[in-house]
Amino acid sequence: MASTLHSFASAADLAGNLADKVADTLSAAIAARGTASIAVSGGSTPKVFFQALSTRDIAWDKVTITLVDERFVPADNPRSNHLLVDANLLQNKAKAARFLPLYQDAASAEEAARLATEKTRAISSPFDIVILGMGGDGHTASFFPGGSNLAKAIDASTPRGIITMEAEGAGEPRLTFTFSSLQDAALLVLHIEGEGKKDVLAKAEGSGDEAEMPIRAVLRRATSPVEIYWAP
């Protein structure tokens, strides 16, 4: 599916414009069927966007928020994406939203993935909005090059839900939605910042193996257009 690049002069400009787009999309979904859903990425990049979105006038009590991926660590761990979302997005007006975490208090990451899959079935498919990020190695969500479950994660025939991922340099085991869960969102966004990430994107848009740069699976095979939001 084709992608569209939206470039902005600064991270603040990007955050405001993306927050407006997301707010409009969520409000349209609520008007159409009474509920809306959004899956967001972690890391440091979306902080300013989260803060901007939290102030928008939306019927937040009708919105369900979850994560595209998470580390297998409790919510109070400094490396938790849940903690990032709680501190930056679930604030201001967005406090009224429902949040479904991926981390579950389980004996193993595999059991946590099973429990999270069951709990997130409460979200109607497809998502209204999916916001992805991208690492310097071309990973997105927890689709890491060399990851233990990468082939399964990016296979479009793998059922919707959450699986585990382990990879060198990834730290803790990860919980990640599968490609099939994310690729057909009504609004599919790739949010990246910095000249370095733009160079990574240019490489990913060229020829090469999806296993080498898993973001290629999204850019090449997502059934929804990919809206790329970039700022230097």
Side-chain angles (χ1 to χ4, degrees), residues 1-4 22 25-26 29 33 35-43 46 63-72 81 99-104 106 109-135 137-167 170 173-192 201 204-205 208-228:
M1 181 64 72
S3 59
T4 302
V22 167
T25 303
L26 291 173
R33 68 171 193 278
T35 62
S37 60
I38 177 172
V40 298
S41 61
V63 176
T64 298
I65 301 170
T66 192
L67 288 154
V68 299
D69 69 319
E70 177 62 282
R71 295 174 175 86
F72 183 53
N81 287 337
F99 180 68
L100 291 182
L102 300 193
Y103 173 79
Q104 306 293 317
E110 289 74 18
E111 176 65 7
R114 185 188 68 78
L115 292 172
T117 295
E118 289 181 0
K119 291 189 176 183
T120 54
R121 284 196 183 116
I123 305 172
S124 61
S125 298
F127 284 110
D128 293 302
I129 303 171
V130 166
I131 311 283
L132 295 170
M134 182 183 70
D137 59 357
H139 85 265
T140 192
S142 282
F143 307 160
F144 287 96
S148 57
N149 269 335
L150 179 60
K152 182 178 181 180
I154 64 175
D155 186 340
S157 68
T158 299
R160 293 176 185 271
I162 296 143
I163 63 173
T164 61
M165 188 73 68
E166 294 186 47
R174 303 294 184 102
L175 308 169
T176 187
F177 270 103
T178 59
F179 171 78
S180 62
S181 306
L182 305 173
Q183 55 90 29
D184 58 353
L187 175 63
L188 179 57
V189 173
L190 176 60
H191 175 187
I192 56 175
L201 176 65
E205 290 178 326
D209 193 340
E210 291 179 2
E212 177 191 9
M213 299 185 77
I215 188 62
R216 287 176 173 149
V218 176
L219 296 171
R220 294 173 180 175
R221 296 191 283 112
T223 57
S224 294
V226 182
E227 303 291 333
I228 303 170

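Side chains included, hydrogens not; waters and symmetry mates left out as well; all remaining heavy atoms used.
Atom CD of Glu227 and atom NE2 of His191 lie 14.0 Å apart (nearest 0.5 Å). Put simply, OH on Tyr103 and CG on Leu115 are 11.0 Å apart, with the number rounded to the nearest 0.5 Å. Note that the OG atom of Ser37 and the CD1 atom of Ile129 stand 8.0 Å from one another [nearest 0.5 Å]. Annotation: the span from Phe72 atom CZ to Glu110 atom CD amounts to 8.5 Å, rounded to 0.5 Å. Once rounded to the nearest 0.5 Å, the distance linking CD1 of Ile163 with OG1 of Thr158 reads 6.5 Å. Within the model, atoms OG of Ser3 and CD1 of Ile228 stand 4.0 Å from one another, a figure rounded to the nearest 0.5 Å.
Between Leu102 and Thr120 there is a side-chain heavy-atom pair separated by less than 4.5 Å. Put simply, the side chain of Ser157 does not reach to within 4.5 Å of the side chain of Ser180, judged on heavy atoms. Between Gln183 and Ser224, the closest side-chain pair of non-hydrogen atoms is not below 4.5 Å. Between Ile131 and Ile38 there is a side-chain heavy-atom pair separated by less than 4.5 Å. Between Pro173 and Glu166 the shortest side-chain heavy-atom distance falls below 4.5 Å. The side-chain heavy atoms of Phe143 and Leu150, taken from C-beta on, include a pair separated by under 4.5 Å.
A side chain to side chain contact (heavy atoms under 4.5 Å, CB included) with Val218 holds for exactly one of Leu188, Leu190, Leu182; it is Leu188. For the side chain to side chain contact (heavy atoms under 4.5 Å, CB included) criterion with Phe127, the lone passing option out of Leu187, Asp184, Thr66, Val68 is Thr66.
Residues passing the side chain to side chain contact (heavy atoms under 4.5 Å, CB included) test with Ala113, sequence neighbours excluded: Ile162, Thr164, Leu175. Arg71 is linked by a side chain to side chain donor-acceptor pair (under 3.5 Å) to nothing, counting only residues two or more places apart in sequence or in another chain. For Glu210, the salt bridge (Lys or Arg N to Asp or Glu O under 4.0 Å) partners are Arg221, not counting sequence neighbours.
Pro46 approaches Gly43 most closely through the heavy-atom pair CD-O, 3.3 Å. Pairing each heavy atom of Ser125 with each of Arg160, the nearest pair is OG-CD, 3.7 Å. Closest approach of Ala167 to Gly147, counting heavy atoms only: CB-CA, 4.0 Å. Contact record, Pro145 with Glu212: CG-O, 3.4 Å, taken as the closest heavy-atom pair. Of all heavy-atom pairs between Leu132 and Ser41, the closest is C-OG, 3.9 Å. Between Ser124 and Arg33, the closest heavy-atom pair is OG-NH2, 3.7 Å.
Remark: side-chain polar atoms of Asp69 are not paired, donor with acceptor, to backbone N or O of Arg174 under 3.5 angstrom. Between the side chain of Ser181 and the backbone N or O of Gly161 there is at least one donor-acceptor pair closer than 3.5 Å.
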For this session: Could you walk me through whether Met213 and Leu219 pass the side-chain contact (heavy atoms from CB on, under 4.5 Å) test, one step at a time?
Result: CA-CA 11 Å; Met213 299 185 77; Leu219 296 171; over 6 Å; no

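Of the charged side-chain nitrogens involved, at least one lies within less than 4.0 Å of a carboxylate oxygen, so that Glu118 and Arg114 count as a salt-bridged pair.
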